Each structure stands twice: as structure tokens, then as C-alpha cells.
Amino acid sequence: MQQDHHRKKNTKEVEFFTEYGDATRYKILEVIGKGSYGVVCAAIDTHTGEKVAIKKITDIFEHTSDAIRILREIKLLRLLRHPDIVDIKRIMLPPSRRDFRDIYVVFELMESDLHHVIKANDDLTHEHHRFFLYQMLRALKYMHTANVYHRDLKPKNILANANCKLKICDLGLARVAFSDTPTTVLWTDYVATRWYRAPELCGSFFSKYTPAIDIWSIGCIFAEVLTGKPLFPGKSIVHQLDLMTDLLGTPSADTISGVRNEKARKYLNSMRKKNPVPFTEKFPDADPLVLQLLQRLLAFDPKDRPTAEEALSDPYFKGLAKIEREPSCRPISNLEFEFEKRRVTKEDIKELIYREILEYHPQLQKDYIAGNDGTNFLYPSASGQFRRQFAYLEENSGKNGPVIPLGRKHVSLPRSTVNSSTIPPKARQNFSVFDHRQVTEKAATDVRVSETVSGTTQNVSRPPHRVPTG
């Protein structure tokens with residue numbers, strides 16, 4: 001009977017975590033996130049000494065739509081290598097090409113996100129504001145020149161470090177608009193957070209949309225940085241439009257006439273006349289230059305909003321923006337996303353995800369392309385320790401376990417000294433996390449294209465705690 005019990009326990013362990021060879025490379029520190037997708041742990045890469053986040057995504061093939069979203073995100077993050085976009089370090093190789101159900105994605109580890117930075121810091125300076133907006137627009141320029149729309153930009157999807165570095169994450173809702181497509185239709189699964197949703201998406205105003213939807217979201221996020229609270233916290237679509245028009249005024253007759261949706265056009269025509277509120281009144285403490293740019297980002301009509309590239313050339317960024325620091329990206333090939341244009345089975349998606357995993361294992365990829373791929377891989381049993389750590393964290397997350405800390409140790413960036421490789425050792429103690437001088441220095445020296453495409457993070461004085469949670 002004891003043998004039967006032991007056998008059942010072992011079976012459960014194997015089901016939870018099959019023998020992933022890369023597991024021996026990482027030392028688990030603590031759980032930092034748990035949700036419907038699985039669990040995320042902070043770990044140390046024993047090969048490099050770097051702290052990383054390992055995200056286990058469970059039962060990825062249970063629902064085809066979820067599997068496609070995962071495939072889309074890991075593919076886009078591989079193709080969009082940029083200092084202001086979160087980086088996947090590697091994806092662990094599964095033990096079998098055919099029989100895996102979970103994947104383990106190793107991300108760079110970031111400390112917090114912009115949502116918590118806004119909540120916890122009421123002393124951000126104009127330099128912080130400018131540097132934050134510059135990084136967000138620089139990332140958008142790279143994405144949009146690749147014909148990628150993020151579609152779900154919000155403060156929680158912008159990661160932050162103590163050196164004021166921001167990175168966009170969570171590309172599961174992103175889409176590629178291919179050049180051979182005559183119009184970019186309204187993808188039916190658009191479910192982005194309402195508060196940051198462009199007006200044309202709130203009312204289905206147009207039969208197509210443009211990258212201007214992301215520009216609007218950045219405008220909403222930046223307004224929240226300025227005031228510390230959401231700009232348009234609508235309780236419904238109608239309430240959302242009311243809040244927008246309360247600030248911006250009712251749209252012009254020309255704008256309304258361009259609305260394709262008849263019901264939306266009637267609604268806008270029936271709306272009582274509202275005059276716009278001056279931005280100097282809404283944001284009394286803001287830099288006048290930034291208000292001019294913000295008014296452009298939050299134009300009700302999408303054709304009146306600037307592109308990310310045009311926004312970067314605004315006078316607000318004088319002295320910070322340089323074209324060589326703001327790379328463009330070549331448009332993504334149709335072949336990368338041909339699966340979007342056909343009906344795919346679970347086996348098709350499994351094969352495509354497996355091929356994405358092989359992108360991080362060049363020799364095995366070479367063998368696979370050459371037709372020398374085996375169906376199973378055998379690894380040393382040392383990965384059992386990694387499996388047990390993950391199992392313990394998943395089972396005990398949310399309980400009163402005294403051994404491993406399960407939550408954040410702080411809700412935002414630490415207010416202690418930044419140990420950054422860009423600051424000489426003797427000078428480090430003179431810089432606070434959100435020191436005006438530090439941001440100025442970062443803006444003047446650190447934002448450049450020569451940043452590694454892997455988006456290497458700076459060392460900070462406390463353990464990082466925020467990773468993309470999909």
C-alpha cells in the first residue's frame with residue numbers, strides 16, 4: 001500500500017514537471033506571481049549569476065485560442081528585440097516534441113511596473129516625466145515600424161526598474177498588420193482595458209484602425225503619470241465616451257461624418273454640445289511643452305494624432321531625442337504569422353511553439369532542420385530539485401508558509417541606493433532611486449541604440465519583483 005502511495009506521488013510530480021534539462025541551470029528563489037496561466041518564480045541563472053524570472057505556463061494546449069496567444073507573444077518578443085521591450089532570455093527545452101503540455105519561459109527580471117511607480121511616488125519630477133514618455137514612444141516607434149500594434153497598453157504592462165528604465169511587456173493581444181492587407185480590420189477579440197482604449201474602439205467608429213490606438217493609450221498612461229490617477233476611468237463604454245468628451249469636447253462635425261458605424265454616428269450627433277477643457281486647467285503643474293504634445297496624443301480623431309516618430313521629434317524632447325537612439329524595425333514577414341490566416345489544429349500549434357523554443361537552442365534547431373531530431377531527450381535527475389521547488393511554490397502560494405516569501409516585498413521601486421553599472425562606485429551612494437540628477441544622467445547618456453538588444457537590466461539594491469504575467 002505504501003508503494004502504491006509512493007507511486008501515485010511520483011506520478012503527480014512527473015505530471016507537474018517533466019524532466020526539463022535546463023532546470024539544472026537555475027536556482028529558485030521565491031514565487032513572485034501566480035494566476036490562471038501558472039506560476040512565476042524569481043531565480044538565479046547559475047551560468048551567468050543574473051537574476052531572472054521563470055514563468056511556467058501550464059496546459060497551454062487546453063484551449064486553442066490561449067495557445068495561439070502564447071505562440072503570438074513569444075514569437076513577437078523574439079522578433080522585437082529592443083531596449084524598451086521586455087526580453088525573453090530563453091525558453092526551456094521540453095523533454096519531448098510531442099508530449100509536452102507546459103512551457104517554462106525565462107525573462108529578464110524587472111522590479112516593478114508603472115502602475116506601482118505611479119501609486120507609490122508622488123514626487124516625480126519633470127525630468128522623470130520626460131524620460132518615461134520618451135522610452136514609451138521609442139518602443140512604440142520600433143513596434144509600429146514593424147507593423148505591430150500592441151493593443152493593450154496600460155501602466156501594468158510597462159515594467160520599471162529603479163534606474164527609471166521602462167520596458168513594454170505583455171504582447172499577447174498584439175497583432176501584425178501585413179503590408180499586403182488592404183485594410184486593417186477590427187480584430188474581433190479586442191479586449192484591452194477600457195480606461196486606455198481609444199475612442200474609435202469604444203464605439204466601433206471605423207471599419208479599420210491604425211497604430212493611433214496605441215498612441216492614445218500612451219497619452220492616457222502619461223496623463224496618469226502627471227496626475228497620479230487614471231484619466232478616463234469609465235464604468236462602461238458610454239461612460240468612457242462621456243469622460244473623453246467632458247475633457248476634449250464633443251467631436252467636430254467632420255470627425256463625426258467620418259464615423260462608419262451608423263449607431264455610433266447617431267450617438268455622437270445626439271450628444272449635448274461640450275466645450276473642451278484647457279489642458280493647463282486640467283494639468284496645472286505640468287510643463288507647458290508637454291501639454292502641447294499630450295493634446296496631440298489625445299486627439300479624438302485618430303488621424304490628428306502623431307505617429308510615434310513624429311511625437312519623438314516634438315520640442316518637448318529637445319536635448320534628449322536623437323534619431324540614432326530611436327531605431328526602426330523592418331516589417332515582419334508574412335511567413336512568421338501565416339498561422340493567423342488559416343485554421344490550425346492543436347498539433348499545428350504545438351509544432352509551431354516547439355519550433356519557437358528551438359530558436360533558443362541553436363544546435364538542436366540545426367539538427368531538427370536537418371531531420372536528425374529525436375522524439376525524447378534524457379536529462380540528469382538533478383532537475384528533480386528544480387521540479388520540487390516549483391511544486392512547493394505552486395502548492396503553497398497564498399498560504400501561510402513560513403519558509404519561502406510568497407508576495408512582493410514592496411509595492412513599487414525601492415527608495416534605496418541604486419547600484420548601477422553606469423554610476424562610479426564612489427558616486428552611487430549619492431543617488432536616490434528617483435533622484436532628479438540620476439534621471440538627467442540616464443537621459444543624456446544611457447538611452448542609446450548601443451544598449452544590448454537583450455535589454456540588460458541594471459543591478460539594484462533589492463531583489464526584482466515584477467515580470468510580465470500575460
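Worth saying up front: this structure is predicted, and the values here are computed from it rather than measured.
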Tell me if a side-chain donor or acceptor on [X] pairs with a main-chain N or O of [Y] at a distance below 3.5 Å.
{"X": "H150", "Y": "D152", "answer": "yes"}
{"X": "R101", "Y": "D59", "answer": "no"}
{"X": "E340", "Y": "F337", "answer": "no"}
{"X": "E111", "Y": "A162", "answer": "yes"}
{"X": "R305", "Y": "P211", "answer": "no"}
{"X": "D45", "Y": "H47", "answer": "yes"}
{"X": "K167", "Y": "P83", "answer": "yes"}
{"X": "Q295", "Y": "F279", "answer": "no"}
{"X": "Y142", "Y": "H82", "answer": "no"}
{"X": "R175", "Y": "N147", "answer": "no"}

Output the distance between atom [atom1] ([X]) and atom [atom2] ([Y]), rounded to the nearest 0.5 Å.
{"X": "I74", "Y": "R78", "atom1": "CD1", "atom2": "CZ", "value": "8.5 Å"}
{"X": "L79", "Y": "E356", "atom1": "CG", "atom2": "CD", "value": "7.0 Å"}
{"X": "K154", "Y": "W195", "atom1": "NZ", "atom2": "CH2", "value": "10.5 Å"}
{"X": "R138", "Y": "E309", "atom1": "CZ", "atom2": "CD", "value": "14.0 Å"}
{"X": "K27", "Y": "K51", "atom1": "NZ", "atom2": "NZ", "value": "10.5 Å"}
{"X": "L241", "Y": "T250", "atom1": "CG", "atom2": "OG1", "value": "12.5 Å"}

Distance-only donor-acceptor check, side chains S236 and H239, under 3.5 Å: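 No pair is found: no donor N or O on one side chain lies under 3.5 Å from an acceptor on the other.
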D287 versus H129, side-chain donor and acceptor atoms under 3.5 Å: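 No, no side-chain donor-acceptor contact under 3.5 Å.
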Which pair of non-hydrogen atoms, one from [X] and one from [Y], has the smallest distance, and what is that distance?
{"X": "L226", "Y": "A286", "result": "CD1-CB, 4.3 Å"}
{"X": "R197", "Y": "I237", "result": "NH1-CD1, 3.8 Å"}
{"X": "L76", "Y": "V148", "result": "CD2-CG2, 3.9 Å"}
{"X": "D102", "Y": "K56", "result": "OD2-CE, 3.4 Å"}
{"X": "I103", "Y": "I357", "result": "CG2-CD1, 4.0 Å"}
{"X": "V290", "Y": "F222", "result": "CG2-CE2, 3.0 Å"}

Residues forming a salt bridge (charged side-chain N to carboxylate O under 4.0 Å, His left out) with D304, sequence neighbours excluded: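 With neighbours one apart ignored, the set is empty.
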Would W216 and F232 count as a close aromatic pair, with their ring centres under 6.0 Å?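 Aromatic pair counts; centres sit under 6.0 Å.
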Are K89 and E50 ion-paired here, with the side-chain N under 4.0 Å from a carboxylate O?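 Salt bridge flag = yes for E50 with K89.
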Residues K274 and D246 bridged, charged N to O under 4.0 Å: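 Yes, this pair counts.
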Test salt bridge (Lys or Arg N to Asp or Glu O under 4.0 Å) on D113 and K156 and set out the steps. CA-CA 6 Å; D113 57 51; K156 286 186 177 180; over 6 Å; no
Please step through salt bridge (Lys or Arg N to Asp or Glu O under 4.0 Å) for the pair E127 and R130, ending with a clear verdict. CA-CA 5 Å; E127 285 300 321; R130 191 168 75 135; 3.7 Å; yes
Step by step, would you call E336 with K75 a salt bridge (Lys or Arg N to Asp or Glu O under 4.0 Å)? CA-CA 8 Å; E336 291 283 359; K75 185 180 281 287; 3.0 Å; yes
Dump the intermediate steps for side-chain contact (heavy atoms from CB on, under 4.5 Å) on L166 and L159, then the final yes or no. CA-CA 5 Å; L166 301 184; L159 307 183; over 6 Å; no
Start with the C-alpha gap between C41 and I32, add the side-chain angles, then the distance that decides, and say whether side-chain contact (heavy atoms from CB on, under 4.5 Å) holds. CA-CA 5 Å; C41 289; I32 55 176; 5.8 Å; no
Could you tell me whether K350 sits above the aromatic face of F61, with NZ or CZ closer than 6.0 angstrom to the six-membered ring centre and within 45 degrees of the axis?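 Pair K350/F61 counts as cation-pi.
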